[in-house]
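Comments concern the structure below.
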Amino acid sequence: MAVFRFCLLEPIKTPLVNKFYDKHKARGRASKADQVWVAYKGTEIIAACRVQNQAGLLFLSTLYVDEVWRGQKIASQLLAAVTAAQKGTVFTFVYQNLIDFYLQNGFNYALTLPNSLQSLFEVYAHRNVVAMHFTRDTVPS
């Protein structure tokens, strides 16, 4: 069985995750201000996501798993590591085909959004996304 390591990347290593995103043509670009979380197999990054500070709110974006490693629950494990480390609610915008995945991982629909995220949501709305959020009390049993 493969052993994966999940961790918060040091800001100085942000270019590594951007190379990973570029290699896989994933949307989004990490900055040193983001929390950048990765999954490693050995020394290779095989999955990544970032948590941005959007006007004091936590916003999860650019969750991507290398196609070679999909189907092994790496995204779920990475999400668990990320959400366990957060002290507040984590918001995200989810493509329709991924709603069930996020629901299974403790996220719920965000029926209302704070103003700063509502503005951001309107920018992404043309991509047919749904606003969701994770809070400690939504952890699946």
Side-chain angles (χ1 to χ4, degrees), residues 1-140:
M1 181 173 205
V3 176
F4 306 107
R5 188 167 42 98
F6 303 89
C7 63
L8 176 62
L9 204 63
E10 299 170 30
I12 197 163
K13 294 183 180 179
T14 301
L16 296 176
V17 83
N18 285 327
K19 284 182 185 178
F20 170 78
Y21 286 148
D22 290 346
K23 175 182 174 183
H24 298 284
K25 296 177 178 50
R27 289 186 176 197
R29 193 136 186 91
S31 78
K32 290 181 181 178
D34 297 339
Q35 290 181 39
V36 178
W37 291 81
V38 296
Y40 283 104
K41 171 69 172 117
T43 59
E44 178 187 4
I45 294 174
I46 60 169
C49 68
R50 56 199 184 112
V51 177
Q52 302 168 280
N53 180 329
Q54 292 286 341
L57 301 167
L58 300 173
F59 183 74
L60 173 75
S61 66
T62 324
L63 174 57
Y64 186 86
V65 177
D66 183 331
E67 290 181 20
V68 172
W69 296 100
R70 291 184 185 168
Q72 298 186 47
K73 302 212 178 277
I74 294 166
S76 293
Q77 293 174 65
L78 183 56
L79 270 179
V82 170
T83 54
Q86 307 310 316
K87 296 203 182 332
T89 299
V90 178
F91 294 90
T92 192
F93 302 151
V94 176
Y95 290 107
Q96 298 285 329
N97 64 316
L98 294 172
I99 291 171
D100 286 343
F101 166 77
Y102 280 89
L103 288 170
Q104 291 167 5
N105 283 282
F107 283 75
N108 284 311
Y109 293 99
L111 302 178
T112 60
L113 289 170
N115 288 340
S116 59
L117 287 182
Q118 183 62 43
S119 301
L120 185 61
F121 182 76
E122 290 168 8
V123 171
Y124 285 92
H126 72 281
R127 294 187 187 169
N128 201 21
V129 294
V130 172
M132 299 188 85
H133 67 93
F134 176 95
T135 55
R136 292 264 169 251
D137 61 339
T138 60
V139 177

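The model shown is predicted, which means the values in this text are computed figures rather than measured ones.
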>> If you define the side chain from C-beta out and look only at heavy atoms, does anything of Y102 sit under 4.5 Å from V130?
In response: no

> According to the side chain to side chain donor-acceptor pair (under 3.5 Å) rule, which pairs have a member within residues 44-60, sequence neighbours left out?
Replying inline: D34-R50, R50-S61, R50-T62, Q52-S61

>> Test: side chain to side chain donor-acceptor pair (under 3.5 Å). Region: residues 84-93. Which pairs qualify, not counting sequence neighbours?
In response: Q35-Q86

>> Test of understanding: with side chain to side chain contact (heavy atoms under 4.5 Å, CB included), list the residues that count as partners of D100, not counting sequence neighbours.
In response: L103, Q104

> Any side chain to side chain donor-acceptor pair (under 3.5 Å) pairs touching residues 109-120, not counting sequence neighbours?
Replying inline: Q118-E122

> Do F59 and F91 make the cut of ring centroids closer than 6.0 angstrom?
Replying inline: no

> What heavy-atom pair brings A30 and N18 nearest, and what distance separates the two atoms?
Replying inline: N-OD1, 2.7 Å

>> Applying side chain to side chain contact (heavy atoms under 4.5 Å, CB included), can you list everything that pairs with K32, at least two apart in sequence or on another chain?
In response: P11, T14

> So, do V94 and V129 sit near enough that their side-chain heavy atoms are less than 4.5 Å apart?
Replying inline: no

>> The test is side chain to side chain contact (heavy atoms under 4.5 Å, CB included); show your working for F134 and L79 and say whether it passes.
In response: CA-CA 10 Å; F134 176 95; L79 270 179; over 6 Å; no

> Hey, does R27 have a side-chain heavy atom less than 4.5 Å from the side chain of R127?
Replying inline: yes

> CG of D66 to CZ of F20: how many Å apart, nearest 0.5 Å?
Replying inline: 5.5 Å

> Residues two or more places apart in sequence or in another chain: which of them pass side chain to side chain contact (heavy atoms under 4.5 Å, CB included) with A26?
Replying inline: Y21, Y64

> Roughly how far, to the nearest 0.5 Å, is the CG atom of L63 from the CH2 atom of W37?
Replying inline: 13.0 Å

